[in-house]
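Beneath this line is the structure, given in structure tokens, with notes to follow.
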Amino acid sequence: MTENRSLQSIRGTHDLLPGETEAWDVVEGLIRDVMGLYQYREIRTPVFEDTQLFARGIGEHTDIVNKEMYTFTDQGGRSITLRPEGTASVVRAWLQHRLGAQGTVDKLYYMGPMFRQEAPQKGRARQFHQFGAEVLGTDAPEADAEVIMLFLSVLDALGLETWSLHIGSLGCRECRAEYRVLLVEFLSGIEDLLCEECRERVGTNPLRVLDCKNEGCRLATAKAPSLLDHLDDECRAHFEAVQALLGDRGIPFTVDPRMVRGLDYYERTTFEVLSPDLGAQDAICGGGRYDGLAQMIGGKDRVPGVGFAAGIERIMLALEAAGIDLDFEPLCEVALIHIGDAARQRLFTICDTLRRAGVACTTELFDRSVKAQMREANRREALLALIAGEKELEADTITLRNLVSGDEEQVAFTDIVTTVLERLDQMEEEAVDEEPDEWTDEDEQSGPGPGEAA
RNA sequence: GAGAGAGUAGCUCAGUCGGUUAGAGCACCAGGUUGUGGCCCUGGGGGCCGGGGGUUCAAUUCCCCUCUCUCUCCCCA
């Protein structure tokens, strides 16, 4: 409405700035590491899809489809929607490219932005980021347990130790339909005790009534029949197998008979991982089995599948709450410091040469004082400074200063690259010698130095 | 979508019961060292007091609208 002179990012979207992106890189890198460990392979699908994919997959009566999708008509008159979640797209791509044709089980993961038009608050943005994993083509309860274990391994890799795992089962379509009749019968009897919204839900999505946070509804439905008591034999066996697999590995979990997911495609196993440090938006991961999804979006054959989606922003918040700081300054090995214009030009060339040799370095682009240039070198935690002014140009040498020890030496221009590489090697050796034990395995803080390549 | 709170320097925040040039700390720049970092001292730059409208002699301050953020409901990752 208001015509601001300067535009800003739109409501519910955020810029990730230097100082934050480094931590995201670390987190994403650790996620990829764990995915590799479990042999899941990445899939990247478009951020927008045919609206029907989500309408049919997620469900017409869900909040997501009803009121939260970014939908628009493109110039060809097609209805397009920015993806509000990842699973439907992955299954669509799996069907489209016949990834199951080899008869193998496919294990896929994805990572990227999702879009939902909700009221923004902490841990909930309109563009947010999820990563997720999917196993397609198998009913095996091991797949259910594996995706849960996979996510918990990610938390472990990140150092997040406080979480709780909640699991439930929605049964298959057959047993849920039978149960639904029972439930509607029960709810009809207590209808006047329910909140307005729930009275509507009795007709549209009765299972959600059990998940209502309203005190009155909770009390009124306390004695409602439980879905878990009405699973058919196969679904019960499957659910028990999943629990046994988790239990055998000492993974703590709570069975939540009322857990209902907000997406219609779930069947059988559902689960959530909650973080105690997040406030209202405390789910960092949600998932489950979706054996009917492939057919809901037009696939000919039944393709069983199970997976999860996890919110990266919420994980970042949980890390922060846990006091885990993954930020690091990008490595700067050499700062080039000039006095005067001639030296400035000379150093620009030397900087280029050093970079070609794989040395991370920077030159001064403002004409600030030597003091300011040194201060910045210090701020960047540069290891070496190369200083040049009239004196050096005349003598055809450069001053090389070790910024850790303060030692200085004069180096001939022709020897700069070899000497710098030599000194950096020496400093690295010294640093390894002094490094405390706990840091010796892998030093995440220093980031990937371009210098290592050479 | 509903309710509540908040927006003042790059950042974290004071402040004005409406009244001249709006402050601190950190950060930045410069000087103290005719060319050398971290500590210290001195000085400096930087603000349409979120935006628009209204009341008033006078609005950063009061009122309304709007935008954004935060919290809650809801929903979800």
Side-chain angles (χ1 to χ4, degrees), chain A residues 1-14 17 19 58 62-68 84-87 111-132 151 195-198 201 205 208 211-215 259-263 271-275 278-288 307-318 335 337-340 343 366-393 399-408:
Chain A
M1 261 313 188
T2 313
E3 291 298 325
N4 276 353
R5 213 158 295 169
S6 56
L7 277 63
Q8 40 185 322
S9 58
I10 60 180
R11 179 171 165 78
T13 69
H14 300 285
L17 304 175
I58 299 170
T62 60
D63 282 359
I64 292 177
V65 171
N66 256 341
K67 46 191 185 191
E68 295 174 2
E85 62 105 42
T87 303
M111 209 184 292
M114 307 292 164
F115 308 85
R116 294 183 199 172
Q117 194 160 174
E118 299 185 87
Q121 64 183 71
K122 194 186 183 92
R124 199 172 69 188
R126 290 183 170 181
Q127 174 175 336
F128 59 104
H129 298 78
Q130 288 186 333
F131 72 93
F151 178 71
C195 70
E196 209 176 309
E197 213 170 333
C198 280
R201 284 172 175 155
N205 192 353
R208 278 220 83 78
D211 199 38
C212 185
K213 307 290 191 293
N214 186 295
E215 188 76 42
M259 183 165 52
V260 177
R261 313 253 64 236
L263 296 86
F271 59 90
E272 280 181 355
V273 177
L274 272 33
S275 163
L278 292 191
Q281 264 62 51
D282 60 351
I284 53 177
C285 173
F308 70 81
I312 300 182
E313 281 84 353
R314 290 185 189 178
I315 286 173
M316 302 306 289
L317 289 169
I337 290 163
H338 71 259
I339 304 122
F366 306 95
D367 268 316
R368 290 181 301 180
S369 64
V370 175
K371 184 174 184 160
Q373 294 182 56
M374 287 296 289
R375 190 164 45 227
E376 179 161 340
N378 188 60
R379 197 184 307 129
R380 288 176 193 260
E381 297 179 348
L383 300 171
L384 300 173
L386 284 171
I387 306 165
E390 275 174 39
K391 267 192 290 183
E392 286 82 359
L393 291 182
T399 301
L400 172 64
R401 183 180 175 92
N402 180 322
L403 291 175
V404 177
S405 67
D407 297 339
E408 275 186 15

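Proteins get letters first, then strands, A, B, ... in listed order; numbering begins at 1 in each.
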Exceeds 12 heavy-atom contacts within 6.0 angstrom, atom CD of A:Glu408: yes
B:C29 phosphate, OP1 or OP2, under 4.0 Å from A:Arg368 side-chain N/O: yes
Donor-acceptor contact below 3.5 Å, side chain A:Glu313 vs main chain A:His129: yes
Under 4.0 angstrom between A:Arg375 side-chain N/O and B:A30 OP1 or OP2: yes
Presence of A:Arg124 side-chain N/O under 4.0 Å of B:C71 phosphate oxygens OP1/OP2: no
N or O in side chain of A:Gln373 less than 4.0 angstrom from B:G37 OP1/OP2: no
Backbone N/O of A:Arg368 and side chain of A:Gln373: donor-acceptor pair under 3.5 Å: yes
Donor-acceptor contact present, side-chain A:Glu392 to main-chain A:Gly389, <3.5 Å: yes
Residue closer to the 5' end of RNA chain B, A:Gly406 versus A:Ala372 (nearest nucleotide): A:Ala372
Sugar-phosphate, base or nothing in reach of A:Ala309, heavy atoms under 4.0 Å: sugar-phosphate
Any A:Arg116 side-chain N or O less than 4.0 Å from OP1/OP2 of B:C76: no
No-H, no-angle donor-acceptor pair, A:Glu68 side chain to B:C76 base, under 3.5 Å: no
Within residues 378-387 of chain A: residues closer than 4.0 Å to RNA chain B (heavy atoms): A:Asn378, A:Arg379, A:Ile387
Of A:Ile284 and A:Ser9, the one whose closest RNA chain B nucleotide lies more 5': A:Ser9
